[in-house]
Amino acid sequence: MQSRILPSGGPQEEKLSMIPVFRPKLPTASKLLPYLERIDEARWYANFGPLYKEFQARIAAHFGLGADQVVLVSNATIGITLALQAIGLQRPDRQAICPSWTFAATPHAIAAAGLSPVFADVDAETWTLNLDLLDEQDVRSASGIVMVSPFGSLVDTDKWERFSERKGIPVVCDAAASFDAIGRDSFRVGTIPIVISLHATKSLAAAEGAIILCTDPDVVERIRQMSNFGFSTTSVAQVLGTNAKMSEYNCAVGLASLDAWQETRSRLAQIRNYYWEKLRDVSGVTPFGGGQDYVANYMVIETVGDGYQLSNHLAQRGIETRRWWRSGCHQHPAFASYNVKPLPETRRLGIHTLGLPFFTELTEADIDHVVGSVAEYHSKEPALAAH
Ligand code: T4K
């Protein structure tokens with residue numbers, strides 16, 4: 001593996017003496033330059049310009065879709081809101097079901113669509129909403145469901161599409177970190193809008209931005225209109241909307257990231273595989289996400305111990321970690337008033353999971369140190385070592 005190169009000096013030096021939990025690397029200035037020069041020449045900076053159209057066409061080709069089945073927006077949070085509004089929420093109850101085990105963006109996006117989030121629990125193995133565990137009464141009265149593909153993993157959109165048709169309830173898929181998982185197994189692009197984030201922390205990054213995929217061109221066109229003040233062909237608002245367009249500058253970063261995608265992908269796979277190989281020997285720890293054939297930007301583990309204590313132990317050894325989704329969204333003050341049910345699986349994940357360092361410049365020596373320190377924590381506790 002190549003070595004991790006961290007700059008010395010400057011205000012971040014102390015932090016960088018730790019192994020950071022995350023350190024994005026987006027295309028460098030030289031890789032962006034050809035695209036920036038095209039912006040200079042076209043003098044087209046926003047509002048569906050040439051780079052938007054090229055990025056849209058290349059994303060469509062990547063997923064085997066038509067350009068009319070792809071829309072780009074300014075970030076995934078607004079993308080989820082627009083997707084919810086575009087799929088026609090016809091039931092009177094202004095509620096949408098979502099997992100509590102997700103990033104705060106999911107319930108924020110629901111609230112911004114004028115709905116109240118109804119938090120549901122997740123499956124112990126897949127960490128996503130389990131159709132069989134959904135409360136029938138909630139499903140009957142909800143206007144929609146936002147299901148989340150956690151940490152870039154697979155979800156069964158085929159199954160969700162059948163459920164959506166059977167129950168007559170629109171579903172949106174928050175696949176913020178799942179650029180590479182889409183198209184694998186039954187994670188297919190269909191009539192459920194799939195929203196992928198292009199934030200700097202994601203595997204394919206445009207700094208800010210999002211891709212929405214859906215096989216129904218009418219839904220895609222509605223989202224596109226809503227992202228541009230509800231305009232269709234003229235500047236007359238046909239539907240309620242906002243400004244959520246992806247700029248030419250963000251498309252330039254997205255295009256340069258796509259140019260480097262195969263390289264990024266193989267590097268992420270290399271790091272993940274090395275982690276997995278090393279973690280296999282540590283008892284009491286299970287890495288999340290089993291797929292060999294897709295990559296994401298996370299290494300989240302489940303420990304039989306306490307994620308918070310493990311995090312402190314690793315910090316003492318110079319390793320930064322993150323409890324990415326903390327104890328679930330229902331525990332955030334902003335969403336506390338929405339939760340009425342106990343969510344035991346979410347609670348368990350909040351206690352027993354931890355995000356380890358994961359980024360393209362991690363070295364084998366870094367990973368050896370991280371995994372060695374994780375093993376050390378587990379071996380110190382006789383009760384944990386017994387697992
Ligand atoms: N749904 C789900 C399930 C999501 O996870 C997300 C986003 C969304 C929806 C919404 O997508 P967007 O609307 O953002 O497109 C970060 C990201 O801002 C967020 O996009 C992401 N999920 C979430 C999981 O992570 P924070 O507040 O945790 O980011 P922050 O600033 O703490 O950065 C994470 C780490 O990366 C830190 O160690 C600092 C480092 N970092 C970050 C940036 C941006 C850098 O070193 N350089 C950088 O430029 O939310």
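Note that the numbering runs from 1 along the sequence shown for the chain. Predicted model, so just to flag it, every value in this text is computed and none were measured. Both counts, for ligands and for their atoms, begin at 1 and track the order of listing.
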Exercise for the section: Determine whether any heavy atom of W101 lies closer than 4.0 Å to an atom of ligand 1. Expected result: no

Problem - R272 to W276 six-membered ring, cation-pi geometry met (6.0 Å, 45°) - result: yes

Problem - 4.5 Å side-chain heavy-atom contact, T128 and W160 - result: no

Handout entry: Rounded distance [0.5 Å steps], CH2 in W101 versus CG in L349
Key = 5.0 Å

Practice task
Give yes or no for whether the N/O distance cutoff of 3.5 Å, strictly under, is met between R322 and ligand 1.
Solution key: yes

Handout entry: Short N or O distance, W325 and ligand 1, threshold 3.5 Å exclusive
Key = no

Handout entry: ligand 1 contact on Y298 by region, counting heavy-atom pairs under 4.0 Å
Key = side chain

Problem - T77 N/O to ligand 1 N/O under 3.5 Å - result: yes

Practice task
Output yes when E41 and R38 qualify as a salt bridge under the 4.0 Å nitrogen-oxygen rule, no when they do not.
Solution key: no

Practice task
From the options F103, F151, F22, F359, select the one whose nearest heavy atom is closest to atom 19 (C) of ligand 1.
Solution key: F103

Exercise for the section: Would you check the N or O atoms of T102, main chain and side chain alike, for any that come under 3.5 Å of an N or O of ligand 1? Expected result: no

Fill in the blank from the handout: d(T201 OG1, F22 CZ) to nearest 0.5 Å is 5.5 Å

Practice task
State yes or no: are the ring centers of W325 and F151 separated by less than 6.0 Å?
Solution key: yes

Problem - W324 N/O under 3.5 Å from ligand 1 N/O - result: no

Handout entry: A210, A105, C98, A177: member with heavy atom nearest to atom 10 (C) of ligand 1
Key = A105

Exercise for the section: Using distance alone, decide if ligand 1 has a nitrogen or oxygen within less than 3.5 Å of any nitrogen or oxygen in A76. Expected result: yes

Exercise for the section: Tell me which part of V21 gets within contact of ligand 1: side chain, backbone, both or neither, using heavy atoms under 4.0 Å. Expected result: side chain

Handout entry: Over-ring placement of R224 relative to F48, 6.0 Å and 45° cut-offs
Key = yes

Problem - Gap separating the NE2 atom of H62 from the CH2 atom of W261, nearest 0.5 angstrom - result: 7.0 Å

Practice task
In plain terms, say whether D259 and K31 are close enough for a salt bridge, that is, a side-chain N and a carboxylate O under 4.0 Å apart.
Solution key: no

Exercise for the section: Ignoring hydrogens, just give me the one of H199, E320, H108 whose non-hydrogen atom is nearest atom 14 (O) of ligand 1. Expected result: H199

Handout entry: Under 4.0 Å to a heavy atom of S197 - the qualifying atoms of ligand 1, by number
Key = 11 (O), 12 (P), 15 (O)

Exercise for the section: Report yes or no: does P24 have a heavy atom closer than 4.0 Å to ligand 1? Expected result: yes

Exercise for the section: Evaluate the salt bridge (charged side-chain N to carboxylate O under 4.0 Å, His left out) criterion for residues R23 and E320: first the C-alpha distance (whole Å), next the side-chain angles of each, then the deciding distance (0.1 Å), finally the verdict. Expected result: CA-CA 11 Å; R23 191 156 166 77; E320 192 188 21; over 6 Å; no

Exercise for the section: Could you tell me whether some N/O pair between E208 and ligand 1 is separated by less than 3.5 angstrom? Expected result: no

